[in-house]
Amino acid sequence: MPSSDEYRIAADPEPTVALPVATDNPVDPEIDAEVEQAEQTLLEQLGGLSGLIYSTLPVLVFVPVNTVAGLTAAIWAALGVAAGVLGWRLFRRSPVQPAISGFLGVGVCAFIASRTGEAKGFFLFGIYTSLVYGGVFAASILFRWPLVGVIWGALNGHGTAWRGDRRIRRLYDLATVVWVVVFGARYLVQSQLYDTDHTTWLAVARIGMGWPLTAVALVVTVWAVRRAGHLPVGKADSARAGTDSARA
């Protein structure tokens with residue numbers, strides 16, 4: 001009488017071999033290091049977290065000074081704070097480009113407020129800037145050149161190689177949509193407050209929808225980049241070719 005082992009061998013003469021499981025998102029230390037370096041570059045361009053917070057200081061000063069001392073004093077106070085932030089960054093030898101951009105931005109806002117003769121004019125430049133940015137980001141999705149991918153490719157030197165992989169492009173589409181929502185929300189809320197003459201609430205909306213929403217959008221952007229793996233065009237093409245050959 002054959003044993004159970006003999007029956008098993010007769011039914012399956014070749015031993016079963018455990019094959020390694022292939023994952024769609026292998027861990028690549030080089031990619032992680034590349035993404036972290038690009039993140040650092042992007043944060044430096046924005047002035048870091050401190051730079052995002054510093055950008056709210058002129059607004060925090062403008063509204064109460066306008067209430068107490070009038071529009072002219074508020075304009076000069078906002079310009080003074082922006083100049084102080086620039087001087088502080090120079091003293092600390094921090095990246096000054098964000099501070100210079102912030103000072104110029106406050107200067108434009110102050111000029112518009114002085115020309116309109118109304119405190120709410122200080123926020124007009126930011127409102128229409130959000131509209132333009134939102135439109136540009138939305139158009140980039142429609143033309144299949146999502147700006148998140150374009151900007152990230154420029155930061156890490158891969159250019160437009162990511163467009164060779166549809167999955168990566170979809171992830172960058174998603175991240176770009178988040179930025180469209182952020183800019184669109186800023187425009188819709190703040191333009192409504194501007195039209196109804198709610199200057200104080202305009203300041204609250206500017207701060208509340210400023211760096212906090214920017215931080216959220218940056219988190220989604222970094223998630224999309226890490227998820228995509230940021231494949232160079234060679235890897236993307238080879239991966240697609242392997243898939244096609246497997247299907248054939």
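Computed from a predicted structure; not experimentally measured.
- A cation-pi contact, defined as under 6.0 Å to the ring centre and within 45° of the axis, is absent between R169 and W162.
- V204 and V63 fall within the same hydrophobic cluster, defined by Ile, Leu, Val, Met, Phe, Trp and Tyr side-chain heavy atoms under 4.5 Å apart, directly or through other members.
- Residues N66 and A119 share a closest heavy-atom pair of ND2-CB, 3.5 Å.
- The minimum heavy-atom distance between G121 and T116, with the atom names listed, is CA-OG1, 3.8 Å.
- The line from CZ of F122 to CD1 of I75 is 8.0 Å long, rounded to the nearest 0.5 Å.
- Rounded to the nearest 0.5 Å, atoms CD1 (I207) and CG (L202) are 11.0 Å apart.
- Residue W76 holds its CH2 atom at 10.0 Å from OG of S114, rounded to the nearest 0.5 Å.
- Considering CG of L218 and OG1 of T214, their distance stands at 6.5 Å, rounded to 0.5 Å.
- A single hydrophobic cluster is not seen to contain both V132 and L142; linkage of ILVMFWY side chains at heavy-atom distances under 4.5 Å, directly or through other members, places them apart.
- R163 contributes a side-chain N or O that, together with a main-chain N or O of R144, makes up a donor-acceptor pair within less than 3.5 Å.
- The shortest heavy-atom contact between A73 and A69 is CB-CB, 3.7 Å.
- Atom-to-atom distance recorded for L90:CG and I100:CD1 is 7.0 Å, nearest 0.5 angstrom.
- A single hydrophobic cluster is seen to contain both Y172 and V150, as judged by linkage of ILVMFWY side chains at heavy-atom distances under 4.5 Å, directly or through other members.
- Remark: the backbone N or O of V59 is not paired with any side-chain donor or acceptor of R206 at under 3.5 angstrom.
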Please evaluate residues I127 and Y187 with respect to the criterion side chain to side chain contact (heavy atoms under 4.5 Å, CB included), reporting the C-alpha separation (whole Å), side-chain torsions for both, the decisive distance (0.1 Å), and the verdict. CA-CA 5 Å; I127 292 172; Y187 171 75; 3.6 Å; yes
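- In this structure, K120 contributes its side chain and T199 its backbone to no donor-acceptor pair below 3.5 Å.
- Interatomic distance, OG of S191 versus CZ of F123, reported as 14.0 Å (0.5 Å rounding).
- Hydrophobic clustering (ILVMFWY, side-chain heavy atoms < 4.5 Å, transitive): I151 and W223 are in distinct clusters.
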Pair L60, L57 - check side chain to side chain contact (heavy atoms under 4.5 Å, CB included), show working. CA-CA 5 Å; L60 285 173; L57 294 180; 4.1 Å; yes
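- Here the closest heavy-atom approach between residue L71 and residue E118 is recorded as CD2-N, 3.8 Å.
- Heavy-atom minimum distance, R167 versus D165: N-OD1, 2.9 Å.
- Between Y194 and Q190, every side-chain heavy-atom pair lies at or beyond the 4.5 Å cut-off.
- Both V106 and F62 are part of a single hydrophobic cluster, where members link through side-chain heavy atoms under 4.5 Å apart.
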Kindly indicate, with the supporting measurements, whether the criterion ring pair (Phe, Tyr, Trp, His ring centres under 6.0 Å) is fulfilled by F183 and F137. CA-CA 9 Å; F183 290 125; F137 273 74; 5.6 Å; yes
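- Formation of a donor-acceptor pair under 3.5 Å by the S140 side chain with backbone atoms of L147 is found in this model.
- Side-chain N/O atoms of T221 and W179 include a donor and acceptor closer than 3.5 Å.
- When all heavy atoms of V220 and A175 are compared, the closest pair comes out as CG1-CA, 4.3 Å.
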Go through it in stages, so that I can follow the logic: the residues are T160 and W145, the test is side chain to side chain contact (heavy atoms under 4.5 Å, CB included), and I'd like the CA-CA distance, side-chain angles, deciding distance and then a yes or no. CA-CA 9 Å; T160 59; W145 284 85; 3.2 Å; yes
